[in-house]
Amino acid sequence: MQRLYTKYLYAAFVLFFTLLACNLSAQSKKGNIWYFGDSLGVDFNTAIPTPLTDGVLLNGSPGGCSSGTQGEGCASISDSNGNILFYASGTTIWDRNHMVMPDGNSLNGNRSTTQAVLITPVIDSVDQYYVFTLEHQGLPNGLQYSVVDMSLPGNGISDGDVVTGKKNIPLLTPVAEKITAILHEDQIRYWIVVHGYGNDNYYAFLIDETGINTTPVVSTIGDSVSTTLESIGQMKSSKDGKKIVSAIKGNAPFTPIGRIELVDFDNCTGEVSNAEIISNSNASFYGVSFSPNDSLIYANDELGGVVYQYDRYADTIRNTQTIVGSIGGISIGSMQLAPDGKIYIANFLFNALSTIEDPNNKSNPNVIDGSFPLGSRCSMIGLPDFFNYYDKDTPTFDFAGPDTTICLNDMITIGNPLSDTSLNYSWSPTNSLSDPNSSITLAMPNATTQYIVSATNACTTKLDSVTINVVIPSSIGIGTDTTICLNQEIMIGNANADTSLTYIWTPDSNLNTPNNPTTLASPITTTTYILTGSDTCIATIDSITISVSTSDSISLGNDTTVCLGDQVTLVANNKDIYEWSSNSIVISSDSFVNVTINSNLNIHLKTTSPCGADSTNKNIFAEDCTLETIVYIPNAFSPYDNHNNVFKAFGENFTILDLFIYDRLGNLLYHAQNDESGWDATNNDIRINPQVYLYRMIIETVDQEREEFTGNVTLFY
């Protein structure tokens, strides 16, 4: 199906080709390289993640396992192929060659901040990124940002550098050590959310195509973060953009008490609401993470080494707190969802990371202590922080449903029954729709149609489209009636017919390939062959009459009477030589003759053909008549309502000789000869289903002429 976007179309492509990948189903690989800890990293581009030792983000002595000053927040970003672009701590930015960018030092963050740095894209740019930094424990530098441009030379060709005048720009102070990025409801813009220090405020800064709105949306709610220990701990958002979870470390069992706070986030307005403490243990909480499917929340006790699980959708979330694993060592820290779908856990001064192997599994998430070895180098407390929606490359809004094909006169449901009921829907075009203002509607187009649905609320407008292809039956076109001599054969059918259909000739006698659109016919008597082409959707029929001359005789038929002044055409086909005469006067040498009947007339025909020579006469008598044949055949009827109970031809001065009714697959349902009563919608006295049927009707006019009519008739009840 074709997808349509909002007025931010260009921004959407730029943003989503710039975002990092942190989901196991990600198309982008922008989050596939991590640098953290004691000059180490992980490469998620390989089938089994590979430890890296080429980083220079030093947390202690290079290549060793000793305590250092850089123990916590860091961030990395790669290109769409998974090649590292740059990485950062709260104070320094390194390029792809592990060199400090020329102006990448002296950032006003801190090496010992839980979430010291976060990298996000600049909307409307393929080269620029925001680098947000946080000071630790509420110190004056607070939240600041710098802009990196990868098109700048830096230490080489396009190695990137900080944009002049776009370094250490203050946004807010004081703040806690918590930051997260959340995609706006329009799936294009996004929010940067932090928690204040010394208060109970959440601050949401909107990022759009014009830059950073420096006036945040302020929500005063939840617990106050008022001490240096409470400042510590991660903040993460759910991928649906509706929840934020924060670890408030504390110093359990002493004051301040550690806790996990969960709040609702309105990613349309930036407002935070419905704060609740979901932890029921006074642990020193540090790391938090949502599961890949957003249904579960994980948190850890930094000092106790315990990993907790919470059910996000439970009625009382704090009652679902479950210990799902324990991790040894000095202390544990950051939790980060990785491209392989696992959650990795930092273990201070330990040469391995721990993992939650199956975080979507509520009953057995499988926490493994030290499952990912790091060689001779050690993890510290921090792991790279990422934008939560880096797994998308382009926004899609599936409101309309998939493109599909239907038969003419069929009806189909379009839309998405699971669409957001808070949105207002409008379909265009509105014709042939049962409800153009519903998320789902019935459509019955009479031609291929693209329907566009607009879903709107006070926050955004999203568009989607669906194309309904309508298959319209058409004549197969197998040629005109013809005449052959006895024991001759003739090719009938259409060599250019649609090869996707299934073909059946009836009758199939004296045909060499009765299931092909073309076949050799050698009838021994005059035969009308009917060709039906069908698939699961449609049936098309056509017919051809092969007249067989058993001798070389010809006939112009019986003598006839016509109206005075009528023009009569007499035809003698498949002969080589023709001689038409009247009163011994030759009037034509064509295969036909047109005569105007002003009086009684005797026509003599003498022919020569491959079947021999013959002659015949025909008398045409003239009479003065004013009768006129009028035929009307309806295209629908409805039995049992006492208004239009049978299908037949109406009019004046004609006789129905034959009436054939076929279903859409070409099966004969009804045949009547010389019967004026019409078809009552039964087959062998059994009432049939309402749908579209095919008819073939042969009548005799007042002038004793045979006329054939074919078409469709719709049966209603």
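Since the structure is predicted, the reported quantities are computational estimates derived from the model, not experimental observations.
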Check against side chain to side chain contact (heavy atoms under 4.5 Å, CB included), Ile603 and Ile587: CA-CA 10 Å; Ile603 297 293; Ile587 58 177; 4.1 Å; yes
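- Separation of atoms CG (Asn600) and OG1 (Thr561) is listed at 8.0 Å; rounding is to 0.5 Å.
- Looking at Pro517 and Asn494, their side chains never come closer than 4.5 Å, going by heavy atoms from C-beta outward.
- When all heavy atoms of Ser80 and Lys30 are compared, the pair lying nearest together is N-NZ, 3.7 Å.
- Note: Arg706 CZ to Thr701 OG1 = 11.0 Å, rounded to the nearest 0.5 Å.
- Looking at Trp427, its side chain never comes within 3.5 Å of a backbone N or O of Asp435 through a donor-acceptor pair.
- Here the side chain of Asp542 pairs no donor or acceptor atom with the backbone of Leu531 at under 3.5 angstrom.
- Rounding to the nearest 0.5 Å places CD1 of Ile412 at 8.0 Å from CD1 of Ile414.
- Between Thr710 and Glu708, the shortest heavy-atom contact is CG2-OE2, 4.0 Å.
- The shortest non-hydrogen separation linking Pro634 to Val713 is O-CG2, 4.3 Å.
- Among all heavy-atom pairs drawn from Gly401 and Val466, the shortest one is O-CG2, 3.6 Å.
- Between the side chain of Ser78 and the backbone N or O of Gly31, no donor-acceptor pair lies under 3.5 Å.
- Heavy atoms from other residues, nucleotides or ligands lying under 6.0 Å from CZ of Phe709 number more than 12.
- Between the side chain of Tyr451 and the main chain of Ala400, no donor-acceptor pair closer than 3.5 Å is present.
- When all heavy atoms are compared, the tightest approach of Leu433 to Ala443 is CD2-CB, 3.5 Å.
- Test Thr545, Asp481, Thr506 against Thr528 for side chain to side chain donor-acceptor pair (under 3.5 Å) and you get one pass: Thr545.
- To the nearest 0.5 Å, atom CZ of residue Phe716 and atom CZ of residue Phe637 are 10.5 Å apart.
- In this structure, CD1 in Ile688 is found 5.5 Å from CG in Leu669, a value given to the nearest 0.5 Å.
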Could you tabulate the donor-acceptor pairs under 3.5 Å formed by side-chain atoms of residues 673-681, not counting sequence neighbours?
residue : atom : partner : partner atom : Å
Gln673  : NE2  : Asp658  : OD1          : 3.2
Asp675  : OD1  : Ser677  : N            : 2.9
Asp675  : OD1  : Ser677  : OG           : 2.6
Asp675  : OD2  : Ser677  : OG           : 3.2
Glu676  : OE2  : Ile656  : N            : 2.9
Trp679  : NE1  : Thr682  : O            : 2.9
Asp680  : OD1  : Thr682  : N            : 3.4
Asp680  : OD1  : Thr682  : OG1          : 2.6

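- Under a 3.5 Å cut-off, the side chain of Asn619 and the backbone N or O of Asp559 do not form any donor-acceptor pair.
- With contacts defined as side-chain heavy-atom distances shorter than 4.5 Å, the pair Tyr529/Thr519 does not qualify.
- The environment of Arg687 atom CZ is dense: over 12 non-hydrogen atoms of other residues, nucleotides or ligands sit within 6.0 angstrom.
- Of the possible donor and acceptor atoms, one in the side chain of Thr629 sits under 3.5 Å from a partner among the backbone N and O of Asn653.
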Verdict with supporting geometry, Ser522 and Asn510, side-chain hydrogen bond (donor to acceptor under 3.5 Å, both in side chains): CA-CA 5 Å; Ser522 54; Asn510 302 304; 4.8 Å; no
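- When side chains are defined from C-beta on, Asp403 does not count as touching Gln450, because their heavy atoms never get closer than 4.5 Å.
- In this structure, Thr448 and Thr467 have side chains that are in contact, with non-hydrogen atoms separated by less than 4.5 Å.
- A heavy-atom distance below 4.5 Å is found between the side chains of Lys618 and Leu570.
- Contact of the Asn558 side chain with the Thr560 side chain is not registered, since no non-hydrogen atoms from C-beta on lie closer than 4.5 Å.
- Asn81 has its side chain out of reach of Lys29: every pair of non-hydrogen atoms, C-beta onward, lies at least 4.5 Å apart.
- Nearest approach of Met444 to Asn409, heavy atoms of both residues: CE-O, 3.0 Å.
- Not one N or O on the side chain of Asn712 forms a donor-acceptor pair closer than 3.5 Å with the backbone of Val692.
- Here the CD1-OG1 distance, from Ile492 to Thr518, works out to 9.5 Å after rounding to the nearest 0.5 Å.
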Side chain to side chain contact (heavy atoms under 4.5 Å, CB included) assessment of Leu408 paired with Val470: CA-CA 6 Å; Leu408 183 65; Val470 178; 4.0 Å; yes
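- Counting only distance, with no hydrogens or angles, the side chain of Asp464 and the backbone of Val453 share no donor-acceptor pair below 3.5 Å.
- Of the options Tyr670, Tyr695, Phe660, a ring pair (Phe, Tyr, Trp, His ring centres under 6.0 Å) to Phe647 is made by Tyr695 and by none of the others.
- Side-chain atoms of Asp508 do not come within 3.5 Å of backbone N or O of Pro514 as any donor-acceptor pair.
- Between the Thr413 side chain and the Thr441 main chain, no donor and acceptor come within less than 3.5 Å of each other.
- Counted within 6.0 Å of NZ on Lys606, heavy atoms from surrounding residues, nucleotides or ligands total 12 or fewer; the atom is thus considered open.
- Ring planes of Phe650 and Tyr632: tilted class, angle from 30 to 60°.
- Take Asn515 and apply the side chain to side chain contact (heavy atoms under 4.5 Å, CB included) test, not counting sequence neighbours, and it matches Ile504.
- In this structure, Pro523 and Ile484 have side chains that are in contact, with non-hydrogen atoms separated by less than 4.5 Å.
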Side chain to side chain contact (heavy atoms under 4.5 Å, CB included) between Ser432 and Asn446, intermediate numbers included: CA-CA 8 Å; Ser432 73; Asn446 57 15; over 6 Å; no
